[in-house]
Amino acid sequence: MGRREELSDFQRGTVVGCHMCKKSVREISALLNLPRSTVSAVILKWKRGGITTALPRSGRPHKLKEEDRQVLEKVALENCLPSVEALTAEFQTASGANVSSRTVRRELHEMGFRGRVSTYSKTTAGEKAESEADEDEAEVDVSRLDLRVGRIITALPDTDGVYVQQVDVGEAVSRTVVSELAKHIPVDQMQNRMAVLLCNLKPAETRGVVSQAAIVCASSPGKVEILDPPSGAVPGDRVTFQAFPGEPDKELNPKNKVWEQVQPDLRTDAQCVATYKGAAFEVVGKGVCKAQTLSDTEIK
């Protein structure tokens, strides 16, 4: 997925200036021809710290260095290999890099390769977009989700059962998260607590606030519980699944409905352990994630 063009310092300063002149987000959006979500994000950053520089984007950087990407491109073009697995093995021999076949496939698609491995060729921009969509539809499991341990720093109740939270997920700047948990969990149980966050959702605006992640909870008709990471887990720790290795998407494309396809298989087991198709939510070396009391129930 391509990266959107960043605003210049002048544009960000103009947004803040308009806000200080009492213009609404809608008015600023129309005046500067910017999305309302972008305007809201700039204003929110300025309110929090008097800055307008960009927050870290969701997702992760390339796993491969640029020189490794060049080796991968050469291997793909010069070798007629039957599968991504065979291409991955050839690339690992040539470069010394240790990556999964899923990572290799994603890197190749981002570089513009499409079709069967044995007939790989570079594509046009339109063909690249089509091939990325094909890949997204072909492989959907929990490894596509960027699940991380986070610590809720503050939770401010808003209207209609909504909390606006600042959450540390191991990045330089905390993320803003809007959740509909105020009807289920008292505010004193939200402050300074650990949680599991879905971090590669596309940022979405709710009541003028851009939410940059989602808190993962066990949920029954009458009760909701935030999943607890294992003891010793720290903000930024990855939550992974032994039976489903792979790297998460940089940002989930809403059109591909990855979350909607994965979520029905997310449940707590009889011991309240969070699972996907029986595989536990695990922080490697530290333990598994659990609900407090909700067993055999869905996870949202």
Side-chain angles (χ1 to χ4, degrees), residues 58-60 63 100 102-103 106 136 139-153 155 163 165 167-171 174-175 177-181 184-185 189-190 192-202 211-221 223-252 256-300:
S58 61
R60 298 176 181 273
K63 287 200 69 175
S100 68
R102 181 176 178 79
T103 297
R106 180 174 289 112
D136 286 338
E139 296 186 53
V140 177
D141 63 47
V142 74
S143 69
R144 301 278 295 272
L145 307 183
D146 182 5
L147 294 167
R148 302 186 216 169
V149 173
R151 182 173 66 88
I152 301 172
I153 303 169
Y163 282 127
Q165 297 135 126
V167 184
D168 175 10
V169 290
E171 298 169 332
S174 63
R175 293 198 185 200
V177 178
V178 180
S179 66
E180 297 181 353
L181 293 174
H184 305 283
I185 302 174
Q189 295 181 23
M190 295 293 293
N192 198 35
R193 70 165 295 161
M194 305 298 283
V196 175
L197 278 292
L198 176 57
C199 292
N200 59 343
L201 289 172
K202 185 176 181 178
S211 184
Q212 299 167 308
I215 297 174
V216 184
C217 300
S219 177
S220 70
K223 192 173 185 180
V224 175
E225 294 179 349
I226 296 174
L227 295 184
D228 287 329
S231 176
V234 298
D237 280 349
R238 280 281 311 279
V239 176
T240 57
F241 303 79
Q242 289 189 7
F244 300 93
E247 289 299 306
D249 292 10
K250 293 178 182 179
E251 183 176 275
L252 296 177
N256 295 326
K257 298 187 180 300
V258 173
W259 167 254
E260 289 79 0
Q261 295 181 65
V262 170
Q263 190 273 327
D265 293 309
L266 300 176
R267 293 189 65 83
T268 58
D269 65 12
Q271 288 73 46
C272 302
V273 174
T275 69
Y276 171 76
K277 294 185 176 180
F281 284 51
E282 181 180 8
V283 178
V284 175
K286 298 179 180 178
V288 298
C289 304
K290 302 179 68 175
Q292 294 86 58
T293 64
L294 290 176
S295 61
D296 296 314
T297 192
E298 67 178 338
I299 293 172
K300 296 183 177 180

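Since the structure is predicted, the reported quantities are computational estimates derived from the model, not experimental observations. All values below were derived from every heavy atom in this structure, side-chain atoms included, with hydrogens, water molecules and symmetry-related copies excluded.
Within the 3.5 Å criterion, the main-chain N or O of Glu251 finds no donor-acceptor partner in the side chain of Asp249. Between the side chain of Ser295 and the backbone N or O of Gln271, no donor-acceptor pair lies under 3.5 Å. With hydrogens and angles ignored, the 3.5 Å screen pairs a side-chain donor or acceptor of Arg175 with a backbone N or O of Gln212. The main-chain N or O of Glu298 is never found under 3.5 Å from a side-chain atom of Gln263 such that the two would form a donor-acceptor pair.
For the pair Val234/Lys286, a side-chain contact is recorded, criterion being any heavy-atom separation below 4.5 Å from C-beta on. Side-chain contact between Met190 and Leu181 is present, with at least one heavy-atom pair separated by less than 4.5 Å. Considering only heavy atoms from C-beta on, Leu145 stays 4.5 Å or farther from Pro248 through its side chain. In this structure, Gln242 and Val284 have side chains that are not in contact, with every pair of non-hydrogen atoms separated by 4.5 Å or more. The side-chain heavy atoms of Val239 and Cys289, taken from C-beta on, include a pair separated by under 4.5 Å.
Between Ile226 and Gln292, the closest heavy-atom pair is O-NE2, 2.8 Å. Scanning both residues, Tyr276 and Val140, for their nearest heavy atoms gives OH-O, 4.3 Å. Listed here is the closest heavy atom pair of Gln261 and Asn256: NE2-O, 3.0 Å. Residues Val169 and Gly150 come closest through the heavy atom pair CG1-CA, 4.1 Å. Leu294 and Ser220 make their closest contact through CD2-OG, 3.9 Å (heavy atoms, listed as atom of the first residue, atom of the second, distance). Here the shortest heavy-atom pairing between Ala270 and Asp296 reads N-OD1, 3.5 Å.
A donor atom on one side chain and an acceptor atom on the other are not found under 3.5 Å apart for Lys223 and Thr297. No hydrogens or angles considered: a donor-acceptor pair under 3.5 Å links the side chains of Gln165 and Ser179.
Considering NZ of Lys300 and CG of Leu227, their distance stands at 13.5 Å, rounded to 0.5 Å. One distance of note links CD1 of Ile152 with CD1 of Ile185; it measures 7.5 Å at 0.5 Å rounding. The CG atom of Asn200 sits 7.5 Å away from atom CG of Leu147, with the distance rounded to the nearest 0.5 Å. Atoms CD1 and SG, from Ile299 and Cys217 in turn, are 9.5 Å apart once rounded to the nearest 0.5 Å. Between the OG1 atom of Thr240 and the CD atom of Glu282 there is a distance of 5.5 Å, given to the nearest 0.5 Å.
The side chain to side chain contact (heavy atoms under 4.5 Å, CB included) with Leu197 is formed by just one residue from the set Ile215, Asp146, Val216; it is Ile215.
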Before giving the answer on side chain to side chain donor-acceptor pair (under 3.5 Å), spell out for Glu225 and Thr293 the whole-Å C-alpha distance, their side-chain angles and the decisive distance to 0.1 Å. CA-CA 8 Å; Glu225 294 179 349; Thr293 64; 2.4 Å; yes
Could you go through Asp265 and Val142, starting from their C-alpha distance and side-chain angles, then the distance that decides it, and tell me whether this counts as side chain to side chain contact (heavy atoms under 4.5 Å, CB included)? CA-CA 9 Å; Asp265 293 309; Val142 74; over 6 Å; no
Evaluate Arg151 against Asn192 for side chain to side chain contact (heavy atoms under 4.5 Å, CB included), listing each step before the verdict. CA-CA 6 Å; Arg151 182 173 66 88; Asn192 198 35; 2.5 Å; yes
Begin with the C-alpha distance, continue with both residues' side-chain angles, and end with the deciding distance and a verdict on side chain to side chain contact (heavy atoms under 4.5 Å, CB included) for Val288 and Thr275. CA-CA 9 Å; Val288 298; Thr275 69; over 6 Å; no
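By the 6.0 Å contact criterion, CD on Glu260 is enclosed, its count of non-hydrogen atoms from other residues, nucleotides or ligands being greater than 12.
The pair Glu171-Arg148 meets the salt-bridge criterion, with a side-chain N (NZ, NE, NH1 or NH2) lying under 4.0 Å from an Asp/Glu carboxylate O.
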